[in-house]
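Only one structure is covered here, and it is reproduced in the block below.
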Amino acid sequence: MELFAVPDLPEIRAGDDLAAMVEARVDLREDDVVCVASTVVSKAEGRVVDLEDFPASPRAREVAARLAEVTGEEKDPRFAQAVIEESTELIMEAPFLLTATRFGHVTVNAGIDRSNVRDGDLLLLPERPSESAARLREGLSADRVVVTDTSGRPFRHGQRGVALGWAGMPASRDWRGEHDRDGRELGVTVQNVVDELAGAANLVAGEGADGTPVVVVRDWEFGDHDGSDEHYREVETDFVRQALRGWEYDG
Ligand code: GDP
Ligand code: MN
Ligand code: MN
């Protein structure tokens with residue numbers, strides 16, 4: 001398996017045909033996986049917004065004031081407003097905003113970025129990343145697309161690449177019913193391959209000024225496994241998320 005970044009992509013603007021820009025720069029093969037940073041998907045889809053467009057509600061002011069109090073840093077209530085508008089649930093309100101997005105992703109600040117955009121601009125996540133992936137796939141000669149983001153995770157330090165959306169392949173390889181080296185049947189292993197591909201692609205894409213938001217994964221095979229498109233946990237069976245609902249930060 002080999003990974004390489006698509007070279008020479010310019011600054012992406014609203015309305016840009018990202019698939020055509022990739023096609024013009026690399027000779028894709030049908031079985032390539034094209035991993036695209038959500039940042040540029042959002043830019044192409046016009047998801048760059050102005051902080052000014054989010055007049056703060058009383059609720060946003062309350063959330064921002066609490067955050068400012070516990071962190072000792074000034075928090076813009078308009079940013080809190082944007083996070084609230086992009087979320088279906090605020091799971092934690094302090095010492096940071098942990099939220100669920102409309103499409104099921106749980107992340108800090110609804111995944112809104114302020115890096116790789118102009119000052120005062122906010123970059124919202126794509127509205128439906130799997131639909132974005134499917135649209136990109138239409139314009140590409142590769143069959144598989146993953147839309148990625150850099151995201152933190154509980155229990156571990158540091159951020160890593162994760163899949164927000166995907167098209168042309170299942171999200172997971174289901175190993176259940178297959179056997180280990182001692183002949184024991186595997187009972188629980190469902191390997192989330194889109195996250196693993198996103199993590200690998202993110203290594204190549206970088207986080208700063210590299211300018212390499214699109215990474216091609218070549219010669220990686222899904223193999224002869226059952227697939228599953230389950231990715232985001234449903235609240236009903238997400239016990240960690242349920243436990244957090246009753247939790248209060250007390251410094
Ligand atoms: P995220 O992980 O999806 O939030 O994206 P990042 O902001 O971490 O950026 C990932 C990669 O894309 C980095 O190499 C950035 O330099 C690059 N990048 C971000 N925006 C653009 C853009 O508009 N054009 C190009 N060519 N690269 C970009
Ligand atoms: Mn991001
Ligand atoms: Mn990133």
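Ligands are counted one by one from 1 in listed order, and the atoms in each one are counted from 1 as well.
- Below 3.5 Å of separation, one finds an N or O of E207 facing an N or O of ligand 1.
- R218 pairs with exactly one of D32, D31, D27 by the salt bridge (charged side-chain N to carboxylate O under 4.0 Å, His left out) rule, that one being D32.
- Protein heavy atom at the shortest distance from atom 16 (O) of ligand 1 is G208 O, 2.6 Å.
- Between the side chains of S141 and E30, no donor-acceptor pair of N or O atoms lies under 3.5 Å.
- Taking 2.8 Å as the threshold, Q159 does not count as a candidate ligand of the Mn ion (ligand 3), since none of its N, O or S atoms lies below it.
- The single protein non-hydrogen atom nearest to atom 26 (N) of ligand 1 is L9 O, 2.8 Å, given as residue, atom name and distance.
- Judged by the 6.0 Å and 45° rule, R114 forms a cation-pi pair with F79.
- Among protein heavy atoms, atom 5 (O) of ligand 1 sits closest to T39 OG1, 2.6 Å.
- Of all N, O or S atoms in D113, the one lying closest to the Mn ion (ligand 2) is OD2.
- Among all non-hydrogen protein atoms, the one lying nearest atom 2 (O) of ligand 1 is T150 OG1, 2.9 Å.
- A side-chain N or O of H225 and one of E178 form a donor-acceptor pair less than 3.5 Å apart.
- Polar contact with ligand 1: present for S38 (N/O pair, distance under 3.5 Å).
- One finds no salt bridge joining R13 and E11 here, because no Lys/Arg side-chain nitrogen approaches an Asp/Glu carboxylate oxygen to under 4.0 Å.
- Within ligand 1, the atoms closer than 4.0 Å to a non-hydrogen atom of D113 are 4 (O), numbered from 1 in the order shown.
- Judged by distance alone, the side chain of T101 and the main-chain N or O of H105 form a donor-acceptor pair under 3.5 Å.
- Ionic pairing of D143 and R137 is present here: one or more N-O contacts between side-chain nitrogen and carboxylate oxygen are shorter than 4.0 angstrom.
- No continuous path of hydrophobic side-chain contacts links L90 to V70 [ILVMFWY only; heavy atoms under 4.5 Å].
- Among the heteroatoms counted here (N, O or S) of D149, OD1 is the one nearest to the Mn ion (ligand 2).
- The protein heavy atom nearest to atom 10 (C) of ligand 1 is G206 O, 3.6 Å.
- Salt-bridge annotation for R47 and E86: present, with a side-chain N of the basic residue lying under 4.0 Å from a carboxylate O of the acidic one.
- Among all non-hydrogen protein atoms, the one lying nearest atom 7 (O) of ligand 1 is N116 ND2, 2.8 Å.
- With hydrogens and angles left out, the side-chain atoms of S151 and Q159 include no donor and acceptor closer than 3.5 Å.
- At a cut-off of 2.8 Å, E207 coordinates the Mn ion (ligand 3) through an N, O or S atom.
- Summary of contacts: the protein heavy atom closest to atom 25 (C) of ligand 1 is P10 O, 3.5 Å.
- Residue A209 approaches ligand 1 through these ligand atoms, each under 4.0 Å from one of its heavy atoms: 16 (O).
- At the top of the distance list for atom 20 (N) of ligand 1, counting protein heavy atoms only, stands K43 NZ, 2.9 Å.
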